[in-house]
Amino acid sequence: MIDKFDVVIIGSGAGGAPIARQLVEKGKSVLVLEKGPLLRPSYQVPGERSDFRRDEVYASGTEKILRVPGVANVGESYYSSHAEPDINDEPHVYRGVKKLPDGSEVPADYATIEGYTAQLVGGGTQLYGGVSLRFTPTDLRLKSFNAGRRTPLQDDPNGDALAGVRDWPVTYDELEPYYALAEELVGINGQTKNQVKPFRTGPGGTPGPGPSDYCYQRPLDPNPISAFAHAGMVALGQRLPGNIEPYRPPLAVITEDHAPSGRRLPRAKNGQPDREAAKTSYVNRYGDPLGLKSNTWVSLLSPLEGNPNFTLRPNCVVTHLTSTEGRVSRVHYFDPGGVRRTVEGKLVVVACSAVESVRLLMLSGQEDPAFATRINSSGLLGRYFLTHCFGGARALVPGRYDKSKALDADWATDCCGTDEFLEANGLWAGAAIYNNTSDQALPLSLFRTHGSTDLDTLWKGFMYKPQMRANGFINFLDYEFGRGLSVSFMANQVPQRDNRVELHPTVKDKWGRPVAYVLKTWHPHDVYLMKLMADQCAEILRLGVASSHPTYDIASDYDLNRKYDRNNEYGGSLGSGGVYQAENALARMANHILGGARFGTDPTDSVLDPNCRAWEFDNLYVTDGSFMPTSGGANPTLTIQANALRVAAHLLKRL
Amino acid sequence: MVRIHEPGSEYVLNFCTKHLGRSGDPPPPDDENATATFRGQIAEAWRFPIIGLVREKDVGPKADDLNLVTFVYKSRSGDQSPVSVLGTFASLCEPLPLKPVLFEGEDTGYRSVSVTVPKGELHTYKFLVQGNYYPDPINPQRVRFGNGRVWSRFFTDEYLQPLILELWELRLLYRLVEQILPFRTAEAENFLQRHYFSLDKGQKVTQMAKAFRLDDSVGEVNAIDKLLAREEAHRLVDYRVCLKQIDRALRALNPYTDPYLIPAEQYIELYNSMAASRPGDGSVPGWDYAAYDNPAFFIYLLRRHAVSTAFSHPKYAGNVGAAGWAYLSERYADKAGATLFDWEPALEKPLGTSEYYR
Ligand SMILES: Cc1cc2nc3c(=O)[nH]c(=O)nc-3n(C[C@H](O)[C@H](O)[C@H](O)COP(=O)(O)OP(=O)(O)OC[C@H]3O[C@@H](n4cnc5c(N)ncnc54)[C@H](O)[C@@H]3O)c2cc1C
């Protein structure tokens, strides 16, 4: 088995794969070590049967019982998919609060599935919804923006909201060509018009738009239910500074043949490409059996297969790194049979997704005190851990629609991300807003997520409504089915020093190694921001429905005892909120796992240098979401990919 | 003649590593206690043997009717002792040898063999290791025969016979589940009859037979039985204990009738009183709270199981002939009559109509 490479990359998701792609193309020898399996889309399987299934049970799993000793939710049910780690084997633990029978609250540790993305070749990009937004220029310079702000921040009682905020050591302008490159290589459909982010670079690095829209492929027609979201976004935009209009959100799904990866759309009987083939609502949380969703395996890595300088070792978990004198000398891993092995790389890239990358670096430090001193010379490893402020609104809209033919989102707006909006509302940072189309489209997802929105509480809302049965069940379906529309926001979370990832003092994984321990809270300003943004989302639904149905009562609630006739129109049960309100609000991460090893220009104030190199190591880079000093007002993956491409350009200069 | 397939090491490792790839050695095959401990530590041990899909390239259009069953034995890397599998899916006089699963050309310690087995079948098997027969140390599904011998068991997709619940339990369950799902309203019954009637002839023979066995609306009770046999075997005890209590409670409500035949109103009465009960409050007449203190929890469990089986992929043996989905797609249509739940284009043939996904 070969054990020396130019570059060893740990993790094959958004942070790792782009680097492998660029370096292999340039003839460097690259090894990618990936903990999870290599599941292929059908066109790569002889006989054309993929291990991804359009099967709601397979995708979300049957019930399992939590058995992790010492956590407060032992004995609870959980559901995890075939593409996630098992949390009995390898939990993430977070510090939450436990309500005692007398109503008082005490801190307690809980095991959670939040904090994992997905464990397979392609990482989180296999399951993601594919919303691939750029961050705004302001997102990358929030410290400077706030230093120059004209209006005071709201809800910052201790005046500390901005203490942990840093500008990124790269500007939007520097990142822009890499955004374009990521969009081109990954394969994204969407629309640039009306986005407040500047687009400058086209395909192949040429200036200006390409044959379609800069580096985007053409979007598909939206699902008809999304017309309400569109109308609402238009109306909201008109009321806010700048009259900003909505756009078709960039989605990592190909809608045309994709030259960079060689992927082709399936051909219909008449020989024509079937652009609609991916529109099935088996999207978010589903691996795509057709490989049209642009995960990093199909878009970036699989085109390298067969290349003699590219090696992928799936089912291999890296346990630690060892170093001599500021150089990582060996990468230690278990092979698929559990045998310990090591490899060497001139350069080593860690991209395990933020929580697991921080953990891997800390575990390496436990094995080797010199490593520990170097990796944590700033004292910040694991600190400034981030996710997003997220939430939104949901309502039932007039009429009924076939939601089973949808991608993840149809419309987005940047009207709550402009500097004027932030000034006007005393906000430190903005949000992207988009509507979800595929959510609750399929029957089990409708039942399973009824009254619960996160992975730790699936099924609870439905199970605990025993009155909803027989005719009552039909009544519920008549009221709900094909009518739900939700609008979400994704916003920056205030970086706080004490929001952090540590090694848990007692809980161990199946190999006996300490698991990750997540400690985080929401800042009062986060809560303010989430309320405000949730209100904007609710406003979008309200305005969107009112524009065509002025008498529709969007606020009226479902009444278990009332008979709903499926051919009539009833009210909309409008609800809105932010994640801080959830029972397990401290655990929630929206699958957006960021920070913990932020990059910067000052070695005493950051873990990584501007090229994502660990300050005191010559050859150690970290390129998953952990590098981010602030989490951006949009879903993070495209930015992780763009940054990884930027780092790849730097690495090429070194090899 | 059983047919052996070579799906390749990548395929086998993809299924094995997460579940079996922990450090440490597998136990000696004759150490029952160590084997039980080993199995207890495996996440989702029920996934073994691997019941997978058959590639059309290998068997032609029959692929839809077959599963690829992969037996896995965990040994030590480099251990040369032969392992084979003997089972009712092949000739019982001819154990099939397992081969080493390789990673980058090196032995991983896993041994495996893959065979095709028709869907809808139940089989028992044992491993032959160092000259002795043992049940599969990984797979928790086992059967003890009259002679006291223990064999491992597996079933393929769409297996439609009751497996672990007894007839009286199934009958009670059927009556309870029909109080939850929408299929026992007159309108829905009418729909189901039309649905099964409209299937084409080939489908009718298989699907009707499936659907009306047990007089079970869309096969959900049968699918619950499968869930309790495999994925959610940890819930079997809830069913065993509670169905006994339900039988007692129904007899308390109506001492003169076989519980299975008691009118629906009394099932509903029981359902409601169970749902309203608080742990240990003794509020359900006839229910022994010392045996199971939270009847409401069983209602929650049953609700989840009822809807998951009635509306999930028919391979799990509920939603037979996709009747649950068809019910929704007929019920919700636009003014022109076009369905608002058009599930077929996304799914594989012959169940759905996708030209690309199989
Ligand atoms: C259901 C879902 C929906 C989402 N939707 C969106 C969306 O619409 N838009 C968006 O921008 N983002 C979305 N995300 C988030 C997105 O998936 C992540 O932001 C992204 O994948 C993170 O990239 P990463 O490189 O940090 O980690 P990943 O892409 O997760 O890659 C990390 C990889 O490292 C592997 N690994 C971990 N530890 C080890 C180890 N010790 N040894 C070897 N390998 C290891 C993991 O198995 C994994 O494959 C979604 C995520 C989920 C789960």
Side-chain angles (χ1 to χ4, degrees), chain A residues 1 36-39 42 45-49 51 54-58 62-65 85-86 88-89 119 266 268-269 274 277 280-282 289-290 313-315 334-340 400-402 404-405 443-444 447 459 462-464 466 469-471 473-474 477 481-482 510-511 566, chain B residues 10 13-18 21-24 41 43-44 53 55-58 63 77 103-110 179-182 184-185 227 231-232 234-235 271 275 299-300 303-304 307-308 311-313 315-316 324-325 328 331-332 334 339-343 346-347 355-358:
Chain A
M1 216 179 276
L38 169 52
L39 303 184
S42 52
V45 180
E48 304 209 317
R49 272 162 221 261
D51 287 320
R54 292 177 178 167
D55 171 340
E56 289 201 89
V57 169
Y58 189 54
T62 45
E63 184 198 50
K64 284 171 261 186
I65 305 294
D86 185 276
N88 278 327
D89 277 356
Q119 177 178 299
K269 282 221 173 87
D274 185 347
T280 64
S281 288
Y282 292 94
L290 303 185
R313 294 190 184 150
N315 298 307
F334 285 123
D335 80 4
V339 176
R340 284 179 186 281
R400 206 183 288 282
Y401 303 85
D402 188 358
S404 69
K405 292 198 178 85
L444 292 195
F447 308 142
W459 280 113
F462 178 83
M463 280 164 66
Y464 297 168
R469 52 165 213 89
N471 275 321
F473 188 25
I474 299 180
L477 288 169
F481 197 81
K510 64 179 170 185
W511 293 284
R566 78 186 127 128
Chain B
E10 179 184 295
L13 291 176
N14 279 342
F15 280 96
C16 288
T17 312
K18 169 173 147 190
R22 60 183 69 227
S23 45
Q41 288 171 349
E44 302 174 44
L53 298 166
R55 297 161 180 201
E56 211 155 305
K57 172 179 143 274
D58 300 336
S77 173
F103 173 69
E104 301 249 323
E106 295 185 23
D107 181 12
T108 56
Y110 300 117
Q179 314 310 328
I180 299 175
L181 292 176
R184 273 296 172 265
T185 58
L227 207 53
E231 292 91 331
E232 293 194 18
H234 56 276
R235 288 296 180 200
Y271 174 101
I299 292 291
Y300 302 151
R303 289 176 58 72
R304 176 170 66 78
V307 295
S308 345
F311 295 101
S312 57
H313 194 287
K315 74 180 247 204
Y316 300 103
W325 293 339
L328 297 175
R331 188 164 181 87
Y332 304 112
D334 64 16
T339 178
L340 295 174
F341 181 49
D342 190 12
W343 57 271
L347 292 192
E355 293 293 337
Y356 323 117
Y357 168 64
R358 13 178 70 178

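Below, read A as the first sequence line, B as the second, and so on, with proteins coming before strands; counting in each chain starts at 1.
The main-chain N or O of B/Tyr332 is never found under 3.5 Å from a side-chain atom of A/Arg400 such that the two would form a donor-acceptor pair. A donor-acceptor pair under 3.5 Å is absent between the side-chain atoms of A/Asn315 and the main chain of B/Thr17, judged by distance alone. Here the side chain of B/Arg303 pairs a donor or acceptor atom with the backbone of A/Phe462 at under 3.5 angstrom. Counting only distance, with no hydrogens or angles, the side chain of B/Tyr300 and the backbone of A/Trp459 share no donor-acceptor pair below 3.5 Å. Remark: side-chain polar atoms of B/Tyr271 are paired, donor with acceptor, to backbone N or O of A/Pro466 under 3.5 angstrom.
The candidate from A/Asn88, A/Asp55, A/Ile65 with the greatest count of non-hydrogen atom pairs under 4.5 Å with chain B is A/Asp55. With respect to chain A, the highest number of heavy-atom pairs below 4.5 Å among B/Cys16, B/Ala43, B/Ala63 belongs to B/Ala43. Annotation: maximal heavy-atom pairing with chain A below 4.5 Å, among B/His313, B/Gln179, B/Glu231, B/Lys315, occurs at B/Gln179. In terms of heavy-atom pairs under 4.5 angstrom with chain B, the leader among A/Asp335, A/Thr280, A/Asn471, A/Val57 is A/Val57. When A/Arg566, A/Lys405, A/Glu63, A/Gln119 are compared by the number of non-hydrogen pairs under 4.5 Å with chain B, A/Glu63 comes out ahead. Among A/Pro443, A/Pro336, A/Gly337, the residue with the largest count of heavy-atom pairs under 4.5 Å with chain B is A/Pro336.
Of all heavy-atom pairs spanning B/Glu10 and A/Leu38, the tightest one is OE1-CD2, 3.7 Å.
Ionic pairing of A/Asp86 and B/Lys18 is not present here: no N-O contact between side-chain nitrogen and carboxylate oxygen is shorter than 4.0 angstrom.
Here the straight-line distance linking atom CG of A/Leu39 with atom CZ of B/Phe15 works out to 7.5 Å at 0.5 Å rounding. For the atom pair OG of A/Ser42 and CG of B/Leu53, the computed distance is 11.5 Å after rounding to the nearest 0.5 Å.
You'll find the side chain of B/Phe103 stays beyond 4.5 Å of the side chain of A/Val339, heavy atoms only. In this structure the side chain of A/Lys510 never reaches within 4.5 angstrom of the side chain of B/Gln41, judged on heavy atoms. Residues A/Leu477 and B/Arg331 form no side-chain contact, since every pair of their non-hydrogen atoms from C-beta on lies 4.5 Å or further apart.
Contact of A/Tyr282 with chain B is made through the side chain alone, with heavy-atom distances under 4.5 Å.
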